[in-house]
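Encoded as structure tokens, the structure appears first; notes follow it.
Every chain is numbered from 1, with letters handed out A, B, ... down the list of sequences.
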There are 2 protein chains.
Amino acid sequence: MAAVSSPSRRRTEALSRERIVDAAVALLDDAGEGGLTFRALSQALATGPGAIYHHVANKEELLAAATDAVVAGTLADEPDGTPQDKVRALALGLFDAIDAHPWVAGGLTASSWQATSPRIFEKVGRQVRDLGVPHDRWFTVTSVLVQYILGAAAQNAANARILGPDVDRDEFLGAVSTTWEELDTDEYAFTRTVADQMRSHDDREQFLEGIDLVLAGIGTTVRPTGTPVMPASPSRS
Amino acid sequence: MAAVSSPSRRRTEALSRERIVDAAVALLDDAGEGGLTFRALSQALATGPGAIYHHVANKEELLAAATDAVVAGTLADEPDGTPQDKVRALALGLFDAIDAHPWVAGGLTASSWQATSPRIFEKVGRQVRDLGVPHDRWFTVTSVLVQYILGAAAQNAANARILGPDVDRDEFLGAVSTTWEELDTDEYAFTRTVADQMRSHDDREQFLEGIDLVLAGIGTTVRPTGTPVMPASPSRS
DNA sequence: ACCTGAACACCGTTCAAGT
DNA sequence: ACCTGAACACCGTTCAAGT
């Protein structure tokens with residue numbers, strides 16, 4: 001916060017990768033994916049478009065860095081409780097972050113095996129290990145959990161994006177629900193019957209139920225020494 | 001296939017939404033997301049850029065239509081077997097389609113609640129119903145399944161994209177695995193221990209294991225009339 | 001070394017003008 | 001009604017020139 005050190009230049013502070021990334025996050029947050037522009041960015045930083053290239057290779061790397069900044073913030077605080085609780089807390093933290101910054105979803109799929117995902121992978125993987133999953137299944141089970149978390153959060157963010165800030169959620173869900181009710185009787189027999197469930201569902205709640213479903217599935221593969229196979233987390237209905 | 005009817009014009013056939021969408025799919029397939037351009041498209045169709053707008057509202061709608069065309073093709077043939085088998089077949093069909101046309105992943109998240117997703121939702125939902133899931137959980141369980149399928153497939157496609165056609169998969173996985181082994185001992189204690197599992201994993205296989213994990217989770221919530229809670233699909237190890 | 005900002009090679013989209 | 005293609009208002013990225 002202190003703009004002290006170094007002899008004052010034309011700008012308050014010299015350009016730096018960190019300042020650029022911060023400005024990028026701000027731009028993405030209030031103007032969306034399409035709002036991140038080297039021209040808009042250079043204006044916000046009181047510099048020329050070319051200057052940014054001295055600190056960032058290209059737009060893709062910039063988006064990845066902005067994504068990483070948000071995710072790192074989310075993973076900062078350590079949850080506590082059972083491994084199941086920790087998975088839920090981690091998942092919900094990411095879900096909320098992606099909901100608040102929908103552009104993160106795009107950034108994550110664009111840079112999967114890079115810096116960001118390993119961070120998430122590590123946090124989730126530790127819980128998988130503590131859950132008692134056999135060692136030879138750690139990679140697969142952790143991957144599946146991470147894939148569900150990021151996949152579900154990304155799809156939720158996509159919906160939030162088309163909703164926009166000015167569209168009423170209930171109104172929108174009601175409209176979709178009505179559309180579903182009017183679908184072809186034969187071709188969409190199933191979808192029609194859940195139109196009302198769709199109208200009244202809660203995204204966060206549904207996301208958590210998905211986590212619990214996967215945790216329950218993991219539970220069926222876990223055999224704590226000497227005890228029989230048990231469905232996971234009996235503490236939740 | 002027959003280019004008969006109507007008096008011959010400068011082009012073999014008049015422009016139509018279908019011809020435009022077909023050309024878009026072809027363009028996306030061999031040049032990727034960035035290859036779809038109104039200029040490239042109009043050249044392929046021997047017309048001007050403006051002409052396309054008489055049949056398609058904008059690029060977003062065009063991408064959605066192209067996505068829908070691919071997905072509809074995938075869902076065309078009806079699988080058979082148990083509901084579990086059908087879910088696996090449906091999921092694998094989508095996985096393979098997204099793997100073959102990576103741009104579909106982006107198209108799906110960009111137009112989630114539109115025409116494409118309901119088609120997938122319906123197909124999956126019917127199996128959820130046949131699985132014996134209680135009626136009041138149909139929407140949630142189906143959503144979770146669809147979210148996992150599309151989310152995992154999308155992330156796989158993202159990896160395939162950064163891999164590219166000219167990069168050797170084994171070599172790439174080996175490189176990532178080595179990176180993981182060299183990560184910080186404390187910060188990445190878990191990730192380091194699964195570096196070798198990551199090197200030898202198979203994407204399709206892992207995807208299917210994820211499906212089975214979710215199905216197993218669903219199994220713990222299913223109570224066929226009069227019988228106790230049972231883990232799902234005892235037929236698979 | 002870092003920054004500037006004009007310039008290059010593109011985009012999606014529009015629109016007067018043609019048929 | 002459908003098509004044309006120039007034109008508009010943008011992009012990301014580069015690069016000579018400055019400090």
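Nucleotide dC10(D) holds its P atom 17 Å from the CG atom of L41(A), rounded to whole Å. At whole-Å resolution of the value, NZ in K59(B) and C1' in dC11(C) are 8 Å apart. Atom pair L63(B):CG and dG12(C):C1' shows a separation of 14 Å (rounding to whole Å applied). With rounding to whole Å, Q43(A) atom CD is found 14 Å from dG12(D) atom P. When the C1' atom of dA7(D) is taken as reference, atom OH of Y53(B) falls 14 Å away, rounded to whole Å. Between E61(B) atom CD and dG12(C) atom C1' there is a gap of 14 Å when expressed in whole angstrom units. Atom CZ in R19(A) sits about 14 Å away from atom C1' in dC2(C), given to the nearest Å. Separating the CD1 atom of I52(B) from the P atom of dC15(C) is a distance of 17 Å, rounded to the nearest angstrom.
If you check dC3(C), dT13(D), dC3(D) against the side chain of A51(A), the one that comes closest is dC3(C). Residue R39(A) has its side chain nearest to dT13(D) when only dC3(C), dT13(D), dT13(C) are considered. Considering only the side chain of F38(A), dT13(D) comes nearest among dT13(D), dC11(D), dG12(C). In this structure, the nucleotide among dC2(D), dT13(C), dC3(C) sitting nearest to the side chain of L15(A) is dC3(C). Ranking dC11(C), dT14(C), dC3(C) by closeness to the T37(B) side chain, first place goes to dC11(C).
For R192(B) (side chain) and T185(B) (main-chain N/O), no donor-acceptor pair under 3.5 Å exists by modelled atom type.
Proximity of H55(A) to the phosphate of dC2(C): no side-chain N or O atom is located under 4.0 Å from OP1 or OP2.
At a threshold of 4.0 angstrom between heavy atoms, the contacts of S42(B) with the nucleic acid are absent. Using a 4.0 Å heavy-atom criterion, one finds that L62(B) contacts no nucleic acid atom at all.
Counting non-hydrogen atoms of neighbouring residues, nucleotides and ligands closer than 6.0 angstrom, the CD atom of E18(A) reaches no more than 12 such neighbours. For CD of Q43(A), the number of neighbouring non-hydrogen atoms (other residues, nucleotides, ligands) closer than 6.0 Å is 12 at most.
Of the two residues near DNA chain D, P49(A) and H54(A), the one whose nearest nucleotide lies more 5' is P49(A). If you find the closest nucleotide of DNA chain C to G50(B) and to G50(A), the one lying nearer the 5' end belongs to G50(A).
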List every contact pair, protein side and nucleotides 17-19 of chain D side both N or O, where the distance is under 3.5 Å.
none

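Ring pair F38(A)/Y53(A) is parallel by interplanar angle, where below 30° counts as parallel and above 60° as perpendicular.
Taking the charged nitrogens against the carboxylate oxygens, K86(A) and E78(A) have no contact shorter than 4.0 Å, which rules out a salt bridge.
Across V56(B) and E61(B), no two heavy atoms sit closer than the pair CA-OE2, 3.9 Å. Summarising the geometry of R126(B) relative to A189(A), their closest heavy-atom pair is NH2-N, 3.8 Å, with the distance given to 0.1 Å.
To the nearest 0.5 Å, the span separating CG on N156(A) from CZ on F207(A) amounts to 8.5 Å.
Nucleotide dT13(D) forms a Watson-Crick or G-U wobble pair with dA7(C), both donor-acceptor distances falling under 3.5 Å. Under the Watson-Crick and G-U wobble criteria, each requiring two contacts below 3.5 Å, nucleotide dT19(C) is paired to dA1(D).
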